[in-house]
Every structure is written in C-alpha cells, then in structure tokens.
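What you are looking at is a predicted structure, and each value in this text was computed from that prediction instead of being measured. Throughout, numbering of the chain's residues begins at 1 and tracks the sequence.
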Amino acid sequence: MNVYFLSGLGADSRVFSKLKLDPRLNVKHIKWIRPKRKESLEHYAGRLKAQIDTTKPFQLVGLSFGGVVASELATISHPQQVTLISSMSTGVPLSRFYQVMIKFFMLSPLAAPILKSANKITYRYFGADTPELKKLLKDILHDTDSKFLKWALVRMSGWDRKDPVPNLYHIHGSADLLIPKLITKPDTVIEGGGHLMVYAQADQISKILNKRLTSVRSQE
C-alpha cells in the first residue's frame, strides 16, 4: 500500500529519515508547493492531491502542520487511514509560541530572519535538546521559504475543523511545547516526546507506525 508522508512547516523528508518502516509499505513524500496569495487550506490541499494516486488504496501520515493538511486532504481523497504525529485533529488554541510567531509575521518585516534563525527559544519549543537535533532544526529553518511559513502559520492558527476525519490515529508527545498534549486528544502518548520526537525517538515511533500501517494493509 502507498503511504504518503507530509512533513511539518516547510520541512522535508529529513524529519522522517530516522524511521525504520516495514519494507512492505511503499513510502512516498508529499512535496510542499508554494501557496497562492490568500489561498485557503482546502484549496491548497486540492492542489497537493495531484501527488497522490487515488486509484489505489493509500494512507496518509502527517507531522505537525502536515497533519492539518493531511486532514484536509483526507476530506477530498478518502484514504484508508490518517495518522497524525505531533499535530492536531481539530482546530484548537495554539501555544503562546505560535501566537507570538504569527504576530511577528503579521506586524514586522524583520520577523522572517528572526524566526528562521535557530536560537534557545526555538530549540526549547521544538524539543531540540541534542547537537544532532539542533543541527536538523537549524537546517530546516534555514531552508524554509518565508512566504510559505507565514501563510502556513496564519492558516494553522485559523483552522476551524470541528470533528476529526474518519479512520484517524493520533500519536503525540507528553513534552510537546509547540502543540501541547493538553489541547489535543491523542490515541497514543509518547512519554517525554517533544515536537521532534519522530526523529529523536524514531525507534519507538517506527514500531507504532509499522503496527498501524501494516494492519490496514492486511485488511485489503
């Protein structure tokens, strides 16, 4: 079965590079495209759908902002299952860090270079507490398109989905500061997991994903 992965804000498949997934799964990575001016999440998801072969059974796995987009994609493409990691299944109040980021982008032309630079605050909220994680986050922030980041933050903060999509499974870290566990309703909680637990605790996440993703495949 094809399994399409969606990374976080502007990130790419690097965040999933530590995962050890079952070879029976045909893993594909959705590539972010530049959003149009004032484009809605729904319309953006409709354009991303072109990267999915909907003629065959498939699943979606979304990380952080990628989970939000995965939910919108699921509404129009009907996957066998949607798995969220460090994300949210419905519109919820975001952390103070996200709110500050959004205000920066809306009010200051200097916001982009500030927020795209790795520092103690971003390390803390993303849970980058090792040299390897700090380098990963620094590289991702450096490579993130500023316009995409601004658009995604605004769309994520205003996401108003009331109910989770069908066949959804949510994995979340107990120590996630960017999207606190208290404002989500995860099916599985990773103790001590931060926002980058898909990389930092990849072995644990891999076991959960393999069990979930292959169980759906075996039913087909």
Just do the side chain to side chain donor-acceptor pair (under 3.5 Å) check on Ser7 and Arg14 with the steps written out, would you?
CA-CA 9 Å; Ser7 59; Arg14 283 175 290 184; over 6 Å; no
Using the ring of each side chain (for Trp, its six-membered ring), is [X] parallel, tilted or perpendicular to [Y], with breaks at 30° and 60°?
X: Phe126; Y: His195; result: perpendicular
X: His172; Y: His170; result: perpendicular
X: His29; Y: Phe16; result: parallel

Applying side chain to side chain contact (heavy atoms under 4.5 Å, CB included), name anything that partners Lys28, two or more places apart in sequence or on another chain.
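So Lys28 forms a side chain to side chain contact (heavy atoms under 4.5 Å, CB included) with Asn2, Tyr4, Asn26.
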Please lay out, stage by stage, how Asn210 and Leu21 fare under the test side-chain contact (heavy atoms from CB on, under 4.5 Å).
CA-CA 6 Å; Asn210 285 329; Leu21 298 174; 3.7 Å; yes
Do NZ/NE/NH1/NH2 and the carboxylate oxygens of Lys18 and Glu132 come within less than 4.0 Å?
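Salt bridge: yes.
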Compare every heavy atom of [Y] with every heavy atom of [X], then report the nearest pair and how far apart it is.
X: Ala74; Y: Val82; answer: CB-CG2, 3.6 Å
X: Trp151; Y: Glu39; answer: NE1-O, 2.8 Å
X: Gly127; Y: Leu133; answer: O-CD1, 3.6 Å
X: Gly8; Y: Ser64; answer: CA-CB, 4.1 Å
X: Ile85; Y: Met197; answer: CG2-CE, 4.0 Å
X: Tyr169; Y: Arg212; answer: CD1-CZ, 3.4 Å

Inter-residue atom distance [X].[atom1] - [Y].[atom2], 0.5 Å rounding:
X: Leu213; Y: Arg24; atom1: CG; atom2: CZ; value: 10.5 Å
X: Asn119; Y: Lys134; atom1: CG; atom2: NZ; value: 11.0 Å
X: Leu41; Y: Thr75; atom1: CG; atom2: OG1; value: 11.0 Å
X: Leu73; Y: Glu42; atom1: CG; atom2: CD; value: 11.0 Å
X: Leu141; Y: Leu149; atom1: CG; atom2: CG; value: 8.0 Å
X: Leu209; Y: Thr214; atom1: CG; atom2: OG1; value: 10.0 Å

Does the side chain of [X] reach to within under 4.5 Å of the side chain of [Y], using non-hydrogen atoms?
X: Val15; Y: Tyr199; answer: no
X: Ser89; Y: Thr184; answer: no
X: Leu19; Y: Asp203; answer: no
X: Val68; Y: Ser87; answer: yes
X: Phe5; Y: Ile30; answer: no
X: Leu84; Y: Ile171; answer: no
X: Val61; Y: Val3; answer: yes
X: Val216; Y: Met1; answer: yes

Could you walk me through whether Trp159 and Arg155 satisfy the side-chain contact (heavy atoms from CB on, under 4.5 Å) test, starting with their C-alpha distance in whole Å, then the side-chain angles of each, then the deciding distance to 0.1 Å, before giving a yes or no?
CA-CA 6 Å; Trp159 195 43; Arg155 294 297 174 269; over 6 Å; no
In this structure, would Met88 and Val189 fall into the same cluster of hydrophobic residues linked by side-chain contacts under 4.5 Å?
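No, no single cluster joins them.
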Looking at the rings of Trp32 and Phe65, which for Trp means the six-membered one, are their centres under 6.0 Å apart?
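Ring centroids of Trp32 and Phe65 are less than 6.0 Å from each other.
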Within a 6.0 Å radius of atom CZ on Arg124, are there more than 12 heavy atoms belonging to other residues, nucleotides or ligands?
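No, not enclosed.
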Can Asp139 and Leu136 be said to form a side-chain contact (heavy atoms from CB on, under 4.5 Å), step by step?
CA-CA 5 Å; Asp139 291 344; Leu136 174 69; 5.8 Å; no
Apply side-chain contact (heavy atoms from CB on, under 4.5 Å) to residues Lys36 and His43 and explain how you reach the verdict.
CA-CA 9 Å; Lys36 297 179 180 179; His43 190 272; 4.3 Å; yes
Among Leu60, Val165, Thr90, find the residue that satisfies the side chain to side chain contact (heavy atoms under 4.5 Å, CB included) test when tested with Ser71.
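Considering Leu60, Val165, Thr90, a side chain to side chain contact (heavy atoms under 4.5 Å, CB included) with Ser71 is found only for Val165.
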Would you sort out whether Gln59 and Gln81 count as a side chain to side chain donor-acceptor pair (under 3.5 Å), showing the intermediate values?
CA-CA 5 Å; Gln59 298 184 59; Gln81 179 177 237; 2.9 Å; yes
